[in-house]
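Some notes on the structure that comes next.
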Amino acid sequence: MVTLIVATSVDPASIGPAAALLSMPGWHPGPPLQEMSSFVNKEVRLLKHDKRIVLEDHLDKRWEEATGELVNEVIFLSRHVAVSNRPALTIHPIGIPHLREGDVPPAGGKPGWAAPPNPRLGPWLRLLKNIAQSHNLTPEFEITLEATHHGPITQSPTMFVEIGSTEEYWKRQDAAQAIALLVWEGLGLGGGTAIGDWSRNNGKNKVLLGLGGGHYVPRHMDVVLKDGVWVGHLISGYSLPMEDQSQLKGEESKQEVGGTWKEAIKVSFETTRDAFPGGQVLAHLDHKSFKSWQKVAIMGFLADQGIQIGKPADFC
């Protein structure tokens with residue numbers, strides 16, 4: 001079982017951390033995958049290509065078919081873009097489970113799909129925060145999770161690690177070095193214990209499935225930053241489309257709340273459960289982000305699906 005790290009040469013926030021990581025000891029050339037070059041260090045494989053990172057699908061399965069090595073997880077190195085232009089180091093799971101078949105994904109993936117979230121998400125966020133603080137990147141850089149979004153399509157537990165939010169920061173060598181150190185320490189390449197290994201969960205088997213809130217999921221973040229918290233998918237409010245029944249008339253208003261929110265919850269729950277074998281996935285709701293009718297509908301659906309709701313203290 002190997003870890004696949006993916007970088008692209010067309011993105012300075014991707015190739016910068018990859019170059020910094022490859023400058024560390026132990027790497028040697030690996031087998032090519034089509035036109036892509038690879039590098040090997042213990043059980044880690046770093047793959048470089050020259051396309052948009054969200055559009056190169058099925059790299060985990062393509063690697064397995066080419067090499068015979070099973071991929072345990074995928075970690076993408078990428079840039080982050082934000083309207084605020086604020087410098088940031090971010091981590092997030094991927095998927096677009098709220099889109100309908102026939103919808104055109106804005107940034108890779110396929111409608112109704114979500115990759116299993118990488119179990120390292122929570123532990124690595126806390127590690128990244130420590131690294132950023134020790135390298136004087138904070139408070140200039142915000143250290144944050146993002147909600148589940150975009151592609152590419154993978155089947156293995158996956159996460160993105162990103163530098164944002166403008167070209168000035170994508171090229172920052174100190175930010176690239178921090179991301180490289182996150183991967184180096186997080187995977188135990190320097191000889192230490194790998195961080196975020198679900199098989200060593202020390203009996204803490206509750207996993208947070210975040211529902212609601214904005215793109216940077218602040219109320220879920222408040223919980224995830226506490227030691228020992230495991231985190232799966234984070235489905236923001238915009239990925240829970242719900243039709244307001246009060247806008248309908250007559251018999252239509254008595255129907256169930258429409259929209260793809262149920263599908264988004266179901267897919268995110270199932271893939272989170274798959275990523276944390278033996279874990280107990282609990283929904284954590286950003287209650288203040290929902291209107292009362294939305295909260296009633298969501299809580300009713302969670303009960304129907306047998307998905308328990310957790311309070312912040314349940315995850316610690």
Side-chain angles (χ1 to χ4, degrees), residues 2-33 36-54 56 59 63 71 73-82 86-92 94 118 120-121 123-146 152 158-196:
V2 300
T3 295
L4 188 64
I5 301 169
V6 182
T8 174
S9 61
V10 301
D11 178 358
S14 180
I15 204 64
L21 183 61
L22 289 173
S23 71
M24 298 175 177
W27 294 96
H28 58 86
L33 178 61
M36 307 175 204
S37 58
S38 76
F39 301 85
V40 173
N41 192 339
K42 298 180 181 178
E43 302 305 313
V44 179
R45 311 290 181 258
L46 192 151
L47 187 64
K48 293 199 293 185
H49 62 74
D50 59 2
K51 298 180 181 178
R52 281 190 65 197
I53 204 158
V54 297
E56 195 70 63
L59 286 173
W63 181 266
V71 175
E73 61 182 330
V74 186
I75 300 166
F76 289 92
L77 306 177
S78 178
R79 66 184 178 185
H80 169 64
V81 180
R86 180 176 179 178
L89 304 178
T90 78
I91 297 176
H92 69 84
I94 64 172
N118 193 313
R120 300 189 196 274
L121 282 160
W124 277 32
L125 175 74
R126 298 187 289 271
L127 174 60
L128 179 58
K129 190 175 183 68
N130 290 337
I131 290 172
Q133 290 173 339
S134 65
H135 287 72
N136 298 316
L137 288 171
T138 56
E140 180 185 12
F141 281 81
E142 180 181 15
I143 313 303
T144 183
L145 291 170
E146 294 180 75
T158 298
M159 68 178 174
F160 264 61
V161 181
E162 302 181 348
I163 300 173
S165 299
T166 64
E167 189 169 2
E168 173 189 354
Y169 299 106
W170 299 337
K171 294 180 177 180
R172 281 271 293 263
Q173 185 57 38
D174 52 354
Q177 192 66 36
I179 298 299
L181 192 58
L182 171 71
V183 176
W184 180 261
E185 292 185 7
L187 295 178
L189 288 173
T193 301
I195 294 172

Could you walk me through whether T166 and V81 pass the side-chain contact (heavy atoms from CB on, under 4.5 Å) check?
CA-CA 7 Å; T166 64; V81 180; over 6 Å; no

Let's go through V6 and L77 carefully: what are the C-alpha distance in whole Å and the side-chain angles of both, what is the deciding distance for side-chain contact (heavy atoms from CB on, under 4.5 Å) to 0.1 Å, and is it a yes or a no? CA-CA 6 Å; V6 182; L77 306 177; over 6 Å; no

Could you walk me through whether F160 and I75 pass side-chain contact (heavy atoms from CB on, under 4.5 Å), step by step? CA-CA 6 Å; F160 264 61; I75 300 166; over 6 Å; no

Q.
Pair V74, W63 - check side-chain contact (heavy atoms from CB on, under 4.5 Å), show working.
A. CA-CA 11 Å; V74 186; W63 181 266; over 6 Å; no

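Interatomic distance, CD of E185 versus OG1 of T193, reported as 11.5 Å (0.5 Å rounding). How far CG of L46 is from OG of S37: 8.5 Å, rounded to the nearest 0.5 Å. Interatomic distance, I5 CD1 to L187 CG, rounded to the nearest 0.5 Å: 5.5 Å. Interatomic distance, NZ of K129 versus CD1 of I91, reported as 11.5 Å (0.5 Å rounding). One finds the CG atom of L22 at 8.0 Å from the CD1 atom of I15 (value rounded to the nearest 0.5 Å).
Contact check for V2 versus V71: side-chain heavy atoms found under the 4.5 Å cut-off. Counting heavy atoms from C-beta outward, W184 and L21 have side chains that approach closer than 4.5 Å. Taking the side chain as every heavy atom from C-beta outward, I179 and L128 approach each other to under 4.5 Å.
Using a distance-only test at 3.5 Å, with no hydrogens or angles considered, a donor-acceptor pair links the side chain of W124 to the main chain of I195. Using a distance-only test at 3.5 Å, with no hydrogens or angles considered, no donor-acceptor pair links the side chain of S14 to the main chain of D11. Here the side chain of W170 pairs a donor or acceptor atom with the backbone of H80 at under 3.5 angstrom. Of the possible polar contacts, none joining the K48 side chain to the S38 backbone as a donor-acceptor pair under 3.5 Å is found.
Screening Q177, E167, E140 against R172 for a side chain to side chain donor-acceptor pair (under 3.5 Å) leaves a single residue, E140. If you run side chain to side chain contact (heavy atoms under 4.5 Å, CB included) between L125 and each of L182, T144, L145, only L145 comes through. When each of M36, E56, H49 is checked for a side chain to side chain contact (heavy atoms under 4.5 Å, CB included) with T8, only H49 meets the rule.
N41 approaches P25 most closely through the heavy-atom pair ND2-O, 3.0 Å. The two atoms that bring P17 and I163 nearest to each other are CG-CD1, 3.8 Å, heavy atoms only. When all heavy atoms of S165 and R86 are compared, the closest pair comes out as OG-O, 2.5 Å. Here the closest non-hydrogen pair linking L121 and H92 is CD2-C, 3.7 Å. Taking both residues in full, the closest heavy atoms of V10 and D50 are given as CG1-O, 3.3 Å, listed atom of the first, atom of the second, then distance. For the residue pair G196 and R120, the shortest heavy atom distance occurs at O-CG, 3.4 Å.
Checked for salt-bridge contact, E162 and R79 miss the test: no charged N lies under 4.0 Å from a carboxylate O.
Taking the six-membered ring for Trp and thresholds of 30 and 60 degrees, F141 and Y169 have ring planes more than 60 degrees apart, a perpendicular arrangement.
More than 12 heavy atoms of other shown residues, nucleotides or ligands fall within 6.0 angstrom of atom NZ in K42.
One side chain, E146 or T90, offers a donor N or O that lies under 3.5 Å from an acceptor on the other.
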